[in-house]
Amino acid sequence: MSTATPTRPTAPPGPARPRPARPNRAVRVGRWQIYVPLALYLLFTLVPFYWMVVFAVRPRGSTSLLPWPISTENFETVWNGLGFGVFFANSLKVGLASLVATTVVALAGGYALARYSFRGRTLFLVAMLCTQFIPGAMMLIPLFEVFRTLDLVNSLWSLVVAETVFQLPLSLILLSGFIRNVPVELEEAAWVDGCSRLRGFLVVVLPMLRPGLVAVGSFAFINSWNNFLFALMFVSEQDKYTIPVGLAFTLGEFSVDFGALAAGGVVAAVPVVLVFAIIQRYLVQGLSAGAVKG
Amino acid sequence: MAVGEVGTRRRRQPRTPYLLIAPAALAMLAFLVYPVGSVVYYSLQHYNVAKPWEDGFAGLDNFRRMLFEDPLFWQSLGFTVRWVVVEVSLQLVLGLALALIVNETFVGRAVARALVFSPWAVSGVLTTGIWVLLYNPTTGLSRYLADLGLMEYGAAPLANPDTVFAAAVLAELWRGVPFFAILLLADLQSIPRDLYEAASVDGASRLRRFVHVTLPHLKDAIILSTLLRAVWEFNNVDLLYTLTGGGPAHQTTTLPLYVASTAVQSQDFGYGSALTTAGFLILTFFSVAYLRLSKFGART
C-alpha cells in the first residue's frame, strides 16, 4: 500500500465515522486507462514549470531548451539587483507571522466549538461560514481605511492582520473537526490525574492534532506567501514589498527581462511548492475528516 | 455541521468558551464586519482621495452612475459571468476526472498526486509569470514549434483580442483544476467500499456505479466546491490584473478587477465602494439561490 492511505493517530470508536480511505478494488480499471490520461495531464502540469526552470538557469542569450549548462546569473540579478532577497525575507516574515497567529487563534476557537455547547455557538459558526463569501478584492478600500486609522499602512503587520483574518474561519472550522476526533475520555483521564484543562489540552490533545495543525498552518503560510492584492494596496515602500509584488513589477517593466522573470518565479515557487509537496497528503486527509461537509 | 455533544457533558463555568472564541470573533468584527459595513456607508458618499474638495454625501449618485452612465460596469459584469461559468465548469470536469484517476491504485500514485496537485500552491502572479513566458512570441512554445516548422512565427495569444480569453482561461485552469481534484479526492475516499461491492454484485457496469454510487455521494461536495470556486473565481484579481491588465480594451476586466483599478489607480473610493456593494449583493443573491436550487444538504 502506498503512502496515500492516511493513518490517523486516533481512531475513536463511533458509529458515524466513515471508513478509512482505501482504494476500491471493486472498480479496478485497465492500466492504460489510468496512465494515458494521467500522462497527458502531467504534461500540462509540468511543461509550464519546466519552461520557467529552463529560462531561469540557462545563460543569457541561450535559446536552448535544456537546462544545461546551469548558470546562476539570472538568480544573482534577481536576488541582489532587483531586491528579491529583501522581498523574500518580507514574505517569509509575513507568512510565518500569519501562520502562528492563524493557528493559535483558530486552536482556541476550534476547541471552544468542539468541546463546549454555549449560547451563540450556532450564530458564531454560521458567521464563520458566511465570511467565506466575502471577497478579498472587494475589501481593499474598507480595509485600507481601517489600516490607515490604525496607522498600519506601509507596515508588514497590515498584511499579517489581513491574511490572518481571511484564513481564520476555514482554519478554525477545520481544527474544531480535528479536535472533535480526539476522544474526550483521554482528556478526562488527564484531568483525573490532576491536570488543568489547559495542561490536559497541551499534553493530550495537541500532539494528536499534528496532521490538522500541519494542514492549517501550511495553508495559512501558502496563502499569505501568495497574496498579491493586499500587499500591492497596503504597502508602497519598495523595501517592504513581498515576492508577488516584486514579481508583478518585473512583469510590468517596459521590456521584460525574461531570464530575471523566470528566476524570480523560481524564487517565488520553491518554498510553497516544497511545503505543498510535504503537506498535500495531510490536506486531503484533513478535508476528508469531514470539515468540508459543512 | 454535526454538533459534538461529547465534550459538553461536563458543567463548566460558562465564561470559558466565550474567552476562547473572543480573539477570533473580535478580529472578524474589526476587520471583516466593520469594513463591510463601511463599504455600504462609503458607497453613499462622494469620496475621492484625488479630489478631496468634492467629498460629501452623495445619496444614490454613485449607484446611478454605475447603472446608467458607466458602460464599463455592465461590460465587466458580463465578462465576470462568462469567466466564472467557463472556469468553474471546466475545472469541475477536469478536476473530477483527475480525482477519479488518482484515486485508483497504481505504481507511483503518491508522486503523481504530489505533481498534479502542485500548481494549486502557486500564486496568481506566478502563474502569470510562467504563462507569459509560454505565450510570448520570442520565448514561448509557439516560437519553438515554429522552429520545427509546425506553425507560423509571431503568435501572441495575449495581445490578440480573438485569443486572449482562451489564453487566460487556460492559464487559470492550470492552477485551478487541482483545487477540485483535492476536494473531490478527499470526498471520494470517504465513500464506503461496500457500496461499490454491492453494486458490483448486482452487476452494475462501471458507468452505472459512477452515476448511482459515486455522483450521489459527491453531490454535496460538488455543490459546495463549485460555489466556493465560483465566489473565488469571481474575486480572482491577481491573475487577470497581471496577465492581461483587464485588456485589451477592457475585454478581460472582471468586476473586482474594475474595483481594484478604481481603488488603486483612480483612488475614487466612493464609486469603488458602490461597485463593491453591488458585488456583495450579486454574490449573496447568487450564493443563496445556488444553495436553494441545488438542494444542498438534502438527502438523496
Side-chain angles (χ1 to χ4, degrees), chain A residues 2-4 18-19 21 23-24 26-27 34 37-38 41 45 48 51-52 55 105 108-109 111-112 114-118 124-125 131 133-135 137-143 146 165 168 172 180 184 222 226 228-229 244 247-248 251 258 261 265 268-269 272-273 276-277 280 284 287-288 294, chain B residues 1 4 6-8 14 17 20-21 23-24 27 31-32 35 38-39 98 101 104-106 109-110 112 114-119 121-126 129-130 133-134 139 182-183 185-186 189-190 192-193 196-197 200 231 235 237-238 242 256 259-260 263-264 269 272-273 276 279 283 287:
Chain A
S2 69
T3 49
R19 287 199 170 200
N24 252 296
V27 285
I34 295 172
L38 186 65
Y41 198 83
T45 302
W51 218 262
M52 172 177 76
F55 274 75
V105 177
Y111 188 82
R115 290 287 196 249
Y116 293 91
S117 70
F118 53 92
F124 182 66
L125 202 60
T131 58
F133 300 106
I134 297 182
M138 298 276 194
M139 297 291 279
L140 279 181
I141 294 171
L143 271 181
V146 172
V165 166
L168 253 182
L172 201 153
R180 205 173 295 124
V184 73
I222 290 174
N226 285 344
F228 167 62
L229 217 51
L247 208 55
L251 268 169
F258 288 102
L261 174 64
V272 279
V273 170
F276 180 71
Q280 52 96 11
V284 171
L287 296 169
S288 206
Chain B
M1 171 74 49
V6 239
T8 55
L20 287 172
I21 64 164
F31 298 105
L32 284 178
S38 76
V39 162
L98 194 57
I101 291 171
E104 297 289 334
T105 324
F106 57 89
R109 180 172 70 170
L115 289 178
V116 292
F117 291 165
S118 58
V122 165
S123 69
V125 182
L126 179 51
I130 291 174
L133 278 175
L134 278 169
T139 63
I182 291 170
L183 272 179
L185 176 65
Q189 296 195 336
S190 70
R193 250 200 313 165
Y196 286 107
E197 278 157 14
S200 291
V231 173
N235 294 320
V237 169
D238 301 11
T242 48
V259 172
V264 176
F269 283 12
S273 297
T276 307
L283 273 185
S287 303

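A note on names: the letters A, B, ... follow the listed sequences, proteins ahead of strands, and every chain is numbered from 1.
In this structure, chain B has heavy atoms under 4.5 Å from both the backbone and the side chain of A/Leu229. For A/Phe55, the part sitting under 4.5 Å from any heavy atom of chain B is the side chain, from C-beta outward, and nothing else. Contacts of A/Phe118 with chain B are made by both backbone and side-chain atoms, with heavy-atom separations under 4.5 Å. Only the side chain of B/Val231 comes within contact range of chain A, with at least one heavy atom under 4.5 Å from a heavy atom of that chain. B/Ser273 touches chain A through backbone and side chain together, each having a heavy atom under 4.5 Å away. For chain B, the nearby part of A/Val146 is the side chain; its heavy atoms alone come within less than 4.5 Å. With a 4.5 Å cut-off on non-hydrogen atoms, A/Leu247 touches chain B through its backbone and its side chain both. Using a 4.5 Å cut-off between heavy atoms, B/Leu126 contacts chain A through both its backbone and its side chain. Contact of B/Ser38 with chain A is made through the side chain alone, with heavy-atom distances under 4.5 Å.
Heavy atoms only, all atoms of each residue included: B/Val125 and A/Pro244 are closest at CG1-O, 3.5 Å. The nearest pair of heavy atoms linking B/Leu133 to A/Met52 is CD1-CA, 4.0 Å. The two residues A/Phe124 and B/Ala24 come nearest to each other via the heavy atoms CZ-CB, 4.2 Å.
Looking at A/Val273 and B/Val122, their side chains come closer than 4.5 Å, going by heavy atoms from C-beta outward. The side-chain heavy atoms of B/Leu32 and A/Met139, taken from C-beta on, include a pair separated by under 4.5 Å.
In terms of the side chain to side chain donor-acceptor pair (under 3.5 Å) criterion, residue partners of B/Thr242 (sequence neighbours excluded) are, by chain and number, B/Thr128. For A/Phe258, there are no ring pair (Phe, Tyr, Trp, His ring centres under 6.0 Å) partners at least two apart in sequence or on another chain.
A distance of 9.5 Å separates CD1 of A/Ile34 from CZ of B/Arg109, quoted to the nearest 0.5 Å.
Of the residues considered (A/Leu143, A/Leu172, A/Leu140), A/Leu143 shows the highest number of contacts with chain B, using heavy-atom pairs under 4.5 Å.
Panel note: side chain A/Asn226, backbone B/Ala121; a donor-acceptor pair is recorded below 3.5 Å.
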